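To start, the structure itself, in structure tokens.
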Amino acid sequence: MTIFGKIIRGEIPCSKVYEDDLVLAFDDISPGAPCHVLIIPKQEGIQNLNDVNASHAALLGHMLVTARRVAELKGVAAGGYRTVLNTGNDAGQSVYYIHMHVLGGRDLAWPPG
Ligand code: DGP
């Protein structure tokens, strides 16, 4: 099981930002910006975007809606923020449990490294 699987089961603590029936959002342990929140589905077993299909569309949409909510809760919505899903080795994915990064609170360079 991944570290996020343990967080979703409550076996490892996290700094919770938002939670509902479908998702959990919590502060990244190694923040890359003043706001750096991770959104994960409560449904386990999805490693990354390569595992998703049409049956996951509502869940993925809900993760985006949650990103907006998180940005508002963190006070970065008006200034702007970035949502990122790293998929696979070349993208630098380190935890193979699908998660969306919400980054904001500073100027973010583009393209990313
Ligand atoms: P990625 O590279 O997209 O797989 O990002 C994984 C992120 O997860 C990375 O920014 C650090 C974060 N992370 C890893 N372990 C933990 C943990 O135990 N708790 C929290 N809150 N974040 C973690």
Side-chain angles (χ1 to χ4, degrees):
M1 187 194 303
T2 68
I3 199 89
F4 293 172
K6 291 181 178 173
I7 286 175
I8 213 79
R9 292 172 186 220
E11 296 170 11
I12 289 179
C14 69
S15 172
K16 184 164 72 177
V17 175
Y18 173 80
E19 180 176 17
D20 63 25
D21 288 347
L22 295 177
V23 296
L24 175 68
F26 52 94
D27 292 315
D28 194 292
I29 203 168
S30 180
C35 166
H36 189 170
V37 175
L38 303 173
I39 301 169
I40 64 174
K42 291 191 171 177
Q43 177 182 339
E44 300 183 59
I46 310 169
Q47 291 196 339
N48 57 37
L49 284 178
N50 285 336
D51 283 343
V52 308
N53 56 49
S55 75
H56 300 107
L59 177 60
L60 293 170
H62 187 71
M63 289 172 70
L64 280 169
V65 173
T66 301
R68 182 204 170 166
R69 185 184 294 260
V70 163
E72 289 169 348
L73 288 169
K74 287 290 188 176
V76 302
Y81 55 98
R82 182 172 295 161
T83 50
V84 175
L85 290 102
N86 291 320
T87 301
N89 188 62
D90 283 0
Q93 184 176 7
S94 59
V95 180
Y96 279 74
Y97 185 124
I98 194 168
H99 53 280
M100 182 182 293
H101 298 255
V102 182
L103 296 143
R106 66 168 173 81
D107 285 339
L108 298 165
W110 189 263

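Whatever order the structure lists them in is the order used to number ligands and atoms, beginning at 1. Small disclaimer: the values here were computed from a predicted structure and weren't measured. Heads up: numbering here begins at 1 and tracks the sequence.
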Donor-acceptor contact present, side-chain Q93 to main-chain I98, <3.5 Å: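 Here the side-chain-to-backbone pair does not exist.
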Determine yes or no for a side-chain-to-main-chain donor-acceptor pair under 3.5 angstrom, with H99 supplying the side chain and Y97 the backbone.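 Yes, H99 side chain to Y97 backbone: donor-acceptor pair under 3.5 Å.
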Using distance alone, with no hydrogens and no angle criterion, decide if N53 and S55 have a side-chain donor and acceptor under 3.5 Å apart. yes
Between T87 and N48, is there a side-chain donor-acceptor contact under 3.5 Å, judged purely by atom types and distance?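 Their side chains do not contain a donor-acceptor pair, so the 3.5 Å distance test is not met.
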Show the short N or O contacts, below 3.5 Å, that ligand 1 makes with protein N or O atoms; if there are none, say 'none'.
unit_1	atom_1	unit_2	atom_2	d
ligand 1	2 (O)	G92	O	3.0
ligand 1	2 (O)	S94	N	3.4
ligand 1	2 (O)	S94	OG	3.3
ligand 1	3 (O)	N86	ND2	2.9
ligand 1	3 (O)	H99	NE2	2.8
ligand 1	3 (O)	H101	NE2	2.8
ligand 1	4 (O)	S94	N	2.7
ligand 1	4 (O)	S94	OG	3.1
ligand 1	4 (O)	V95	N	3.0
ligand 1	4 (O)	H99	NE2	3.1
ligand 1	5 (O)	H99	NE2	3.2
ligand 1	5 (O)	H101	NE2	3.3
ligand 1	10 (O)	D28	OD1	3.2
ligand 1	10 (O)	D28	OD2	2.5
ligand 1	21 (N)	D27	O	2.9
ligand 1	21 (N)	I29	N	3.4
ligand 1	22 (N)	I29	N	3.2

Hey, is R69 close enough to E72 for a salt bridge, meaning N to O under 4.0 Å? no
Euclidean distance, I39 CD1 relative to L60 CG, rounded to 0.5 Å: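 Rounded to the nearest 0.5 Å, the CG-CD1 separation comes to 11.5 Å.
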